[in-house]
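To start, the structure itself, in structure tokens.
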Amino acid sequence: MNIVINGEQRALDDGLNLQQLISILELENKRLAIEVNQEIVPRSEYADYILKQDDKVEIVQAIGGG
Amino acid sequence: MTTETAPVNDKPLIIAGKTYQSRLLVGTGKYKNNEETKQAIEASGAEIITIAVRRTNIGQNPDEPNLLDILPPDQYTLLPNTAGCYTTKDAVRTCRLARELLDGHKLVKLEVLGDEKTLFPDITATLEAAEILVKDGFDVMVYTSDDPLIAKRLEDVGCAAVMPLAAPIGSGLGIRNPYNILTIVENANVPIIVDAGVGTASDSAIAMELGCDGILMNTAIAAAQNPALMASAMRKAIEAGREAYLAGRMPRKRFASASSPIEGLFF
């Protein structure tokens with residue numbers, strides 16, 4: 001399936017959940033927040049959240065700002 | 001030698017029920033690196049630190065140090081901002097992501113910008129976003145213009161602190177409209193924090209002498225030649241300005257008034 005992560009197209013295996021996506025992206029143990037199709041997915045639900053074709057995923061973190 | 005100072009009966013700064021010793025709030029943008037950020041923040045003595053929420057780099061530098069590693073949330077009160085948001089929707093969305101990012105943290109800095117050149121706030125969108133966020137349980141510290149009527153309305157919709165600009169963000173122009181800031185302070189029942197526009201220590205002292213409850217700044221420290229030293233200067237200026245405000249300044253007079261008595265002159 002193809003999904004969009006932070007604005008970039010990615011081809012990934014069908015049935016992937018958010019926890020697996022985080023592993024693939026080497027973002028384990030990072031302090032993140034995730035939206036899928038503009039809905040926040042709570043951290044506790046990553047393992048149960050199955051991604052599907054054309055999902056738009058936003059993965060955000062804290063950076064310096066004023 | 002130690003110096004005795006008169007006891008100051010000051011009320012502490014309380015924002016959304018939490019008490020703070022420092023009246024200086026600082027941003028974390030525009031620094032060269034995390035080490036410079038850390039040194040400046042330590043020198044500032046600030047307890048409330050703003051952060052921005054942005055896309056994580058995918059596939060690049062997975063071991064890049066994270067800002068939250070140098071700013072542990074148990075040591076500082078983190079204040080996620082909505083910088084870069086030009087619509088109510090984007091600002092609300094950013095605050096909700098920040099709440100998830102920081103495990104249910106409710107304190108946010110709301111700014112809805114109206115114009116790229118001035119970075120002045122879009123006031124109608126700011127009011128709308130503030131109402132939505134307050135209803136959603138956020139403690140909203142809101143960036144606004146120096147208009148006293150709007151400042152009051154933002155207080156009335158339930159904002160935890162109102163933060164008028166002193167001059168455009170990042171401009172360092174100082175307190176451009178002290179009388180409006182004074183009016184905002186006099187009308188307020190929530191903390192008034194000057195947010196944006198100070199350039200150097202004297203600007204901070206002036207804002208505090210007007211009775212502001214605190215100052216939030218980023219560029220004035222980060223863009224100084226020596227950020228940690230400027231952070232220290234700002235800390236002192238804010239303390240000095242606060243004490244001067246509490247002390248009550250002398251009235252201004254146009255002409256001189258001798259400090260030594262006339263009586264007892266021997267010539």
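We name chains A, B, ... by the order of the sequence lines, and we start the count at 1 in each one.
- Around atom CG of A/Asn29, no more than 12 heavy atoms belonging to other residues, nucleotides or ligands sit under 6.0 Å away.
- In terms of heavy-atom pairs under 4.5 angstrom with chain A, the leader among B/Leu101, B/Leu67, B/Ile49, B/Asn81 is B/Leu101.
- Here the shortest heavy-atom pairing between A/Ala62 and B/Ile51 reads CB-CD1, 3.6 Å.
- Looking at B/Leu68, the atoms closer than 4.5 Å to chain A (heavy atoms on both sides) all sit in the side chain, from C-beta outward.
- Annotation for A/Glu28: atom CD counts as buried by contact number, over 12 foreign heavy atoms lying within 6.0 Å.
- Proximity of a side-chain donor or acceptor of A/Arg31 to a complementary backbone N or O of B/Leu102 within less than 3.5 Å is not detected.
- In this structure, the portions of A/Leu32 lying under 4.5 Å from any heavy atom of chain B include both its backbone and its side chain.
- Annotation: B/Glu116, atom CD; neighbour count of heavy atoms from other residues, nucleotides and ligands within 6.0 Å does not exceed 12.
- Under the 3.5 Å distance criterion, the side-chain polar atoms of B/Glu100 are left unmatched by any main-chain donor or acceptor of A/Ile34.
- Closest approach of B/Ala52 and A/Gly64 over heavy atoms only: CB-O, 3.9 Å.
- Taking B/Asp195, B/Thr219, B/Thr56 one by one and counting their heavy-atom pairs under 4.5 Å with chain A, the maximum is reached by B/Thr56.
- When B/Thr37, B/Leu216, B/Asp103, B/Leu79 are compared by the number of non-hydrogen pairs under 4.5 Å with chain A, B/Asp103 comes out ahead.
- The number of heavy atoms from other shown groups lying within 6.0 Å of CG (A/Asp13) does not exceed 12.
- Residues B/Ile58 and A/Arg10 are in side-chain contact: their nearest non-hydrogen atoms beyond the backbone lie under 4.5 Å apart.
- When side chains are defined from C-beta on, A/Glu8 does not count as touching B/Arg55, because their heavy atoms never get closer than 4.5 Å.
- With a 4.5 Å cut-off on non-hydrogen atoms, B/Lys109 touches chain A through its side chain but not through its backbone.
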